[in-house]
Amino acid sequence: MAIATVNPATGETLKTFEPHNDGEIEERLFRAQRAFREHRLTDFAQRSALMQRAADLLEEDQESIARTMTTEMGKPLVAARAEAAKCVKAMRWYAEHAEAQLADEHPAPSDVQDSGATRAFVRYRPLGPVLAVMPWNFPLWQVVRFAAPALMAGNTGLLKHASNVPQTALYLEELFLRAGFPEGAFQTLLVGSGAVADLLRDERVVAATLTGSEPAGRSVASIAGDEIKKTVLELGGSDPFLVLPSADLDKAVRTAVTARVQNNGQSCIAAKRFIVHADVYDEFTARFVERMSALKVGDPMEEDTDIGPLSSAQGRSDLEELVDDATRRGATAQCGGGRPLHLPDGWFYEPTVLTGVTEGMRIHREEAFGPVASVYRVDGLDEAIELANDTSFGLSSNAWTRDSEEQVRLTRDLEAGGIFFNGMTASHPGLPFGGVKRSGYGRELAGHGIREFCNATTVWFGPEQ
Ligand code: NAP
């Protein structure tokens, strides 16, 4: 895949980039290791000042970087601005909280004594240069949620961003440099996915994080596993959105629309499978379809656009194949189901609601990465849970019920890294984020995220001589 900015709203190639050659990659690896030697010795106050400065700079750049993101991958400008603001918030959050999250841990005195120590504690020390392989869908946020904790922990970062967002990738490198982080503390490698294996095998790269698809995750994890290097994987999802009879239907319908079409439907934690109790199925579905049909699809630079184009021609044809397979096998498109006729250029797709989805259809098992919702009817809680868990994914989940017994049951039984009741699934700096099953492993954000790439070192003192 060429490294290039191609506007998905028009299909026009705006800028192409030469991939880094072997010498340029070597220079960056050298700098990453050199910067680590310096950066690991800084204290939290110094790192925090740099991270706050980076947040200030990003705040100043909000409009320009939002326009870059929209141009490169097609998300509505309004959403791109919000993404930049969210990154500022996360950077400040880690600048303020990293020290406490990585403070020494003191085991219970009885455990210390039991080990024969006079004293013992756990210290979180940085690991070194970490490779981050990132996707285009939240081109700023996915990177910042890795970079902010990594840099605050004293690690350095090497970013291999998706090939269709090179300008956002280069902006990120420049941002941390302008903020005053040492040269090499955070660098962008302009390389294709074919270069990732050698990077993972390089001894200077000590660990890796990947956000992306299952095949990419499998490849990175197996090479890193062969090299005995730690990985965190944030992969795909097909989150269930359960609507039970006690739900506030108004809120549930409004949230269902946003949860499905946010980011033009290309979000790992988008609700994709709507599992609705028979008592409220007809009403929910009618109102959901009405709202989905009323969304404005169009130029993502316009302030009132709800849904822009998909990020690539390939992304759209993958989605088309899933919908076509479902309708061919008997599902019904209650709205949408094709390309909007008024937008012949660019990679647009209509907001679509499918009913009658059954097990044999690909969309029942695969992730629909675009504005396509599958609505299922169930007769009770047991069936809802069974269907929700009938997937290889386990990223997050959403449940609409005001019944506390149902909430207890769902908290026990839903197989996912998150369960959000009566509100939309989202990531927040102070809450851990990640999945189970084929959605990956490890956690980002909160204290869990910053500790993933630390050496939890046991420090033990024997009786004094
Ligand atoms: P992708 O094709 O896996 O690409 C993601 C990144 O991995 C890109 O930088 C890509 O580079 C690289 N890559 C692709 N194949 C690789 C391989 N075999 N070895 C090493 N690197 C490889 O995914 P995408 O289509 O951009 O993103 C969509 C997927 O990401 C969806 O499944 C979505 O659910 C998932 N996602 C998950 C989360 C989460 O937090 N769990 C968040 C966002 C997205 P190139 O661009 O150069 O190919």
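One-based numbering, in listed order, for ligands and for the atoms of each. Please read these numbers as outputs of a predicted model, since none were measured by experiment.
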Output a table of donor-acceptor pairs, distance under 3.5 Å, between side-chain atoms of residues 420-429 and any protein atom two or more places apart or on a different chain; print 'none' if there are none.
from   : atom 1 : to     : atom 2 : distance (Å)
Asn422 : OD1    : Thr401 : N      : 3.0
Asn422 : ND2    : Thr401 : O      : 2.9
Thr425 : OG1    : Ser397 : O      : 3.3
Thr425 : OG1    : Asn398 : ND2    : 3.0
Ser427 : OG     : Lys86  : NZ     : 3.0
Ser427 : OG     : Trp141 : NE1    : 3.3

Under 3.5 Å, which donor-acceptor pairs link side chains of residues 183-191 to any protein atom two or more places apart or in another chain?
from   : atom 1 : to     : atom 2 : distance (Å)
Glu183 : OE1    : Arg34  : NH2    : 3.4
Gln187 : OE1    : Arg31  : NE     : 3.2
Gln187 : NE2    : Arg28  : O      : 2.8
Gln187 : NE2    : Gly184 : O      : 3.4
Thr188 : OG1    : Ala169 : O      : 2.8

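Under the side-chain contact (heavy atoms from CB on, under 4.5 Å) criterion, Arg377 pairs with Ala278, Tyr281, Asp282, sequence neighbours left out.
The pair Arg204-Glu26 counts as a salt bridge, with a side-chain nitrogen and a carboxylate oxygen less than 4.0 angstrom apart. Salt-bridge formation is detected for the pair Asp304/Lys296: a Lys NZ or Arg NE/NH1/NH2 atom is positioned less than 4.0 Å from an Asp or Glu carboxylate oxygen.
For ligand 1, residues of the protein lying within 4.0 angstrom by heavy-atom distance are Val133, Met134, Pro135, Trp136, Asn137, Gln142, Arg145, Lys160, His161, Ala162, Ser163, Ser193, Val196, Thr211, Gly212, Ser213, Ala216, Ser219, Val220, Glu234, Leu235, Gly236, Gly237, Cys268, Glu367, Phe369, Leu395, Phe433.
Geometrically, Arg451 engages Tyr124 in a cation-pi contact, judged by NZ or CZ lying under 6.0 Å from the ring centre and within 45° of the ring axis.
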